[in-house]
Amino acid sequence: MEMPFVAIAATKEMRSCRILGLTNENASDKTGAGSEARVTHQKHPAGRIALGMSGGVDSAVSAALLMRAGYDVVGVTCRFQDNAAADCAAADAAAVCALLGIPHVERLCVAGFEREVVQPFATAYVQGLTPSPCVGCNACCKLPGLLEAAEELGCDRVATGHYARIVQLVDTGRFAVLTALDVRKDQSYMLSLLSQDQLSRLVLPLGGTTKTEVRILAADLGLPVAEKPESQDVCFIDGDYRTFLSQRGVTDEPGLIVDRTGKVLGHHEGLSGFTIGQRKGIGIAAPEPYYVVEKRVDSHELVVGYASDAQAVSVRLGKVNWQAITCLEGPEDASVKLRYRSTPAPCIMEPEPEGGVRVVLRSPQPTTAPGQFAVFYRGSTVLGGGMIEEVSSV
RNA sequence: UGGCCCGUCGUCCAACGGCAGGACUCUGGCUUUUGGUGCCAGCUAUCGGGGUUCGAAUCCCUGCGGGCCAG
């Protein structure tokens with residue numbers, strides 16, 4: 001046993017591929033004391049790996065699973081911020097590593113995080129976009145940081161606690177992301193910007209497990225973070241969104257709330273407080289709920305409409321990062337997620353100049369906001385993803 | 001200041017003289033590595049004063065406040 005690859009049955013979408021994961025990651029194995037005993041006495045047959053540890057339960061359990069699979073695991077906590085929360089996260093990760101008996105290192109990534117994630121986030125709001133910082137963070141900050149750490153630590157692979165799977169397609173040799181088996185926790189969307197190089201070295205121990213199993217395993221192992229709640233909200237904003245944005249120079253000006261016909265319905269205190277598709281917080285009583293359908297940055301107008309107006313029929317993407325396929329040569333069918341937790345919707349991908357893609361939805365979908373990512377799927381395979389630049393509703 | 005309508009949650013609208021209900025807003029919760037959506041729950045009202053009645057949002061009188069025809 002020298003490579004951690006597992007062949008899986010061919011699916012309709014993929015003629016064949018191999019999962020880059022763990023040899024014993026199957027759900028049925030969670031109590032498999034037998035196989036566990038078999039691997040623990042071996043001398044790291046799977047090699048040395050740098051595991052990104054956030055301090056949460058997912059990465060903690062990932063460490064244990066990697067160890068079971070025969071990896072020589074080094075816990076790496078990237079410090080994206082210099083504050084108490086980061087101290088706390090790092091301390092939790094260190095405690096887990098200590099308990100598991102593996103080394104733990106911290107890595108300072110504050111400058112890179114600021115440059116690649118935080119500033120672009122604020123800039124997006126100035127432009128009237130609704131950014132999705134985690135997508136960019138994974139590709140431009142988290143993975144690069146981990147890979148650098150791996151280099152320094154002599155690791156040939158890296159791992160994270162994302163719920164998704166990675167495969168290598170036999171036909172083309174390309175690496176692709178698959179959805180997690182636990183569809184409720186699937187995070188493949190968040191990995192859609194990863195490059196081939198990043199994917200080729202990434203191992204995702206949790207792709208074949210469920211959150212429930214992870215919690216159970218964490219408890220069985222006595223991990224101190226077993227009960228830690230799910231992360232949510234933007235990690236670098238603790239507290240008031242508005243305050244954060246204003247500290248970042250995002251000036252917010254009041255403006256009118258109008259409907260599609262131009263009728264004035266009310267006032268708002270700043271466009272950055274709204275995202276397209278949003279329902280709550282508009283503050284206008286009407287026969288039906290209003291949704292934000294447009295933000296007019298120049299005139300500071302917020303355009304609202306009923307649910308029937310808050311539908312997208314097509315979106316235009318900037319440069320798309322292709323994963324399972326090399327490029328798009330002509331129109332092709334796929335499914336697309338227009339927001340992280342939305343259901344993939346049937347669509348046609350049409351190539352546009354400079355790597356862009358026009359996405360024509362087979363049927364109208366609840367609208368989405370420029371700045372969000374559209375991620376293409378074929379079955380459970382991620383084809384690629386790109387940032388939404390324009391949403392068409394007619 | 002002649003005649004006629006109408007005053008009910010924050011908003012819009014219901015309720016044969018018999019427990020004031022809904023929608024929207026708002027608030028809280030669930031869900032969630034993007035304040036989105038969605039789901040669940042909750043708060044809040046009969047314009048004031050008299051009367052009739054066992055009982056009034058409802059009927060009568062009156063005041064106040066809107067609106068519409070008149071001039």
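A, B, ... follow the sequence lines: proteins, then strands. Residue 1 opens every chain.
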Sugar-phosphate, base or nothing in reach of A:Ile282, heavy atoms under 4.0 Å: sugar-phosphate
Sugar-phosphate, base or nothing in reach of A:Ser132, heavy atoms under 4.0 Å: base
Touch class at under 4.0 angstrom, heavy-atom based, for A:Gly281 against every strand present: sugar-phosphate
Distance-only donor-acceptor test (3.5 Å): side chain A:Gln278, base B:U37: no
Sugar-phosphate, base or nothing in reach of A:Ser272, heavy atoms under 4.0 Å: base
Heavy-atom check, side chain of A:Tyr125 versus side chain of A:Leu245, under 4.5 Å: yes
Watson-Crick or G-U counterpart of B:U27, or none if no pair lies under 3.5 Å: B:A41
Polar side chain donor-acceptor pair, A:Thr261 to A:Asp259, under 3.5 angstrom: yes
Sugar-phosphate, base or nothing in reach of A:Pro287, heavy atoms under 4.0 Å: sugar-phosphate
Listed nucleotide nearest any side-chain atom of A:Ala285, set B:G35, B:U34, B:G10: B:G10
Interatomic distance, A:Lys337 NZ vs B:G36 C1' [rounded to whole Å]: 14 Å
Value in whole Å for how far the P atom of B:C26 lies from CD1 of A:Ile284: 9 Å
Touch class at under 4.0 angstrom, heavy-atom based, for A:Cys134 against every strand present: base
Base partner of B:C12, which must satisfy Watson-Crick or wobble distances under 3.5 Å: B:G22
Flag side-chain contact, heavy atom, 4.5 Å: A:Glu350 against A:Val360: yes
Touch class at under 4.0 angstrom, heavy-atom based, for A:Asn138 against every strand present: base
Protein proximity profile, nucleotides 38-44 of chain B - base contact B, sugar-phosphate-only contact S, no contact -, cut-off 4.0 Å on heavy atoms: S------
Among B:G35, B:C24, B:U31, the nucleotide that comes nearest once only the side chain of A:Arg184 is considered: B:U31
Side chain to side chain contact (heavy atoms under 4.5 Å, CB included) between A:Phe373 and A:Ile388, intermediate numbers included: CA-CA 6 Å; A:Phe373 286 83; A:Ile388 295 168; over 6 Å; no
Length of the line joining A:Leu245:CG and B:U34:P, which is rounded to integer Å: 16 Å
